[in-house]
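Below is one structure, written out as structure tokens; the observations come after it.
Chain letters run A, B, ... following the sequence lines, proteins first and then strands; every chain starts at 1.
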2 protein chains.
Amino acid sequence: MLKKERHDFIMRQINLHNRVLTSDLVQLLNVSEDTIRRDLQELVDDGLLFKVHGGALSKSYHSSFDDSTVYARDSKIIIAKKAVNLIKDGMVVLTGGGTTILEFIKQLPQNIEATFFTISPLVAVELAKYNNIEVILIGGLFSKNSQVTYGGQVITQLSELKADLCLMGTSAIHPEEGLTDTYWEINQLKKAMLAAAKKTAVLCISEKLDIALRLRVCHIESISYLITELDDNHESLTGYLAKEINIL
Amino acid sequence: MLKKERHDFIMRQINLHNRVLTSDLVQLLNVSEDTIRRDLQELVDDGLLFKVHGGALSKSYHSSFDDSTVYARDSKIIIAKKAVNLIKDGMVVLTGGGTTILEFIKQLPQNIEATFFTISPLVAVELAKYNNIEVILIGGLFSKNSQVTYGGQVITQLSELKADLCLMGTSAIHPEEGLTDTYWEINQLKKAMLAAAKKTAVLCISEKLDIALRLRVCHIESISYLITELDDNHESLTGYLAKEINIL
DNA sequence: CGTGTTTTTGCGTTTTATTGCAATTATATA
DNA sequence: TATATAATTGCAATAAAACGCAAAAACACG
């Protein structure tokens, strides 16, 4: 591969993710670290990016502290990083939508090889940045509130799927009441998602623990992993530890 | 082999692969490195490619990441505003993806009442901002390049749909060759979209006029409206005016 | 034809560019 | 602070490019 092509490749990565890791580039481009470092330095000299320890960031990076409440973002990153450990090469994964899931996608290693089904357009777009991930967007009615597809057609398609793992966010979880929701449509959707995967991981920031809403999706035992930003021996989690569920 | 033949050979390689290696050319053309270098230099002087250490790259390849979309934005807004006039309350509309279509969505009147089918997640998200638009996202394999869903599942779903109007962007349109595309999958997709709507409007900035690519989607007569940023009596459009097609 | 001129090409040499390695220094993270 | 990870630096091997030169081929034209 020509140097210019490497540079273009790096810039494409930068434009997509706003960041690159030196180690990822070494793998993806199959050259030594030194070469990558020199490449990055040249791109810095051209004013196209800036280098940091471990990789490089896009010039527009600083302005990309765009979305959502900053304070919750740290927690979501912690959760996302834990969730990434569940993903192995070759897996078929089903995901819902929401900012936590989106953060999880962003934390995936660059060269991971997997198949992802999702009901969230934004997740699909984010997944498309990974070269070795096959992305299937499950289509149907599009919910203005949840920003995911839902309805009969989605549930039909989910019923034909068997994924290795389902990852979903939640608005409420409770040791006795299980996973609950407010809207019937979303409730149905989550039930279908649970049924479509061998195992399910629920990503949930601690402020949503011990809350029960009107409609039950499932009992707590139906969930394989509960992932929060807390240590797994934190007192808030004792109620969940008692059940057959892995706390991460 | 004559010099001119070598040059043509090199340009064919460039057009095919966007790149050539000096060493490959030496082997393929059976001449010395010096000759190849001189050839490449002459092609550079003619502005047909540009040289890099180890070979040469095509001109178009060069611009692959520096996002030309910025300057064209004004044109796209003009196109989008024209396209909005085609939409009436109660319509069932099918749209593709791309920046021009996205701009069109943004230009829709806030209280419009319609049903939109789309293969583009980004379009779906944008449409969700309108309270009275029902959004159906057509699901399937997600294309990393085009950022739309495609493949057999999408085409099946499209075959069950009959929309009033289909709106699509295009990468090339030509008065004789019609609508053309480079990738087979996208070609199939566009054919299915055309078939799924009573009328079709093509949104197309003028720089894409009079270009023909490898695969034909349809003849120019199959299109109901051609929307560009130019006045409808602009000289570039005379070739299209001759056909049975509305220029907006 | 023949002769002088121009173009094209390949060879040897020098110069420059690219890349990986090893040793050292700096930086992060538990 | 200790340990792992990343960056820097100088160096050497390799690959590519540039340059001058000369042989060969093509061309121009009386």
Starting from P on dT7(C), measure out to CD on E42(B) and report it in whole angstrom. 11 Å
If I take atom CG in residue N30(B) and atom P in nucleotide dT9(C), what distance separates them, rounded to the nearest angstrom? 13 Å
Using 0.5 Å steps for rounding, measure from the CG atom of N131(A) to the CD1 atom of I112(A). 13.0 Å
Take the protein atom CD1 of I36(B) and the nucleotide atom P of dA17(D), then report the distance between them rounded to whole Å. 11 Å
Spacing between L2(B) atom CG and dT9(C) atom P, to the nearest angstrom: 8 Å
For K4(B) and dA26(D), what is the distance between atoms NZ and P respectively, to the nearest whole Å? 19 Å
d(I173(A) CD1, L226(A) CG) to nearest 0.5 Å is 4.5 Å
Centroid separation under 6.0 Å, is that true for the rings of H174(A) and Y240(A)? no
Indicate yes or no for a side-chain donor-acceptor contact from N187(A) to the backbone of Y183(A) under 3.5 Å, with no hydrogens or angles considered. no
Let me confirm one number: the CG-NZ distance from L194(A) to K199(A), rounded to the nearest 0.5 Å. 14.0 Å
I need the CG-C1' distance between D45(A) and dA17(C), as an integer number of Å. 16 Å
Spell out protein contact along nucleotides 3-11 of chain D as letters: B when the base is contacted, S when just the sugar-phosphate is, - when no protein heavy atom is under 4.0 Å; keep the 5' to 3' order. ---SBBB--
M1(A) CE to dT19(C) P, straight-line distance once rounded to whole Å: 11 Å
Starting at NZ of K3(B) and ending at P of dT6(C), how long is that distance when rounded to a whole Å? 16 Å
Within a strict 4.5 Å, meaning less than it, do heavy atoms of the E229(B) and S206(B) side chains meet? yes
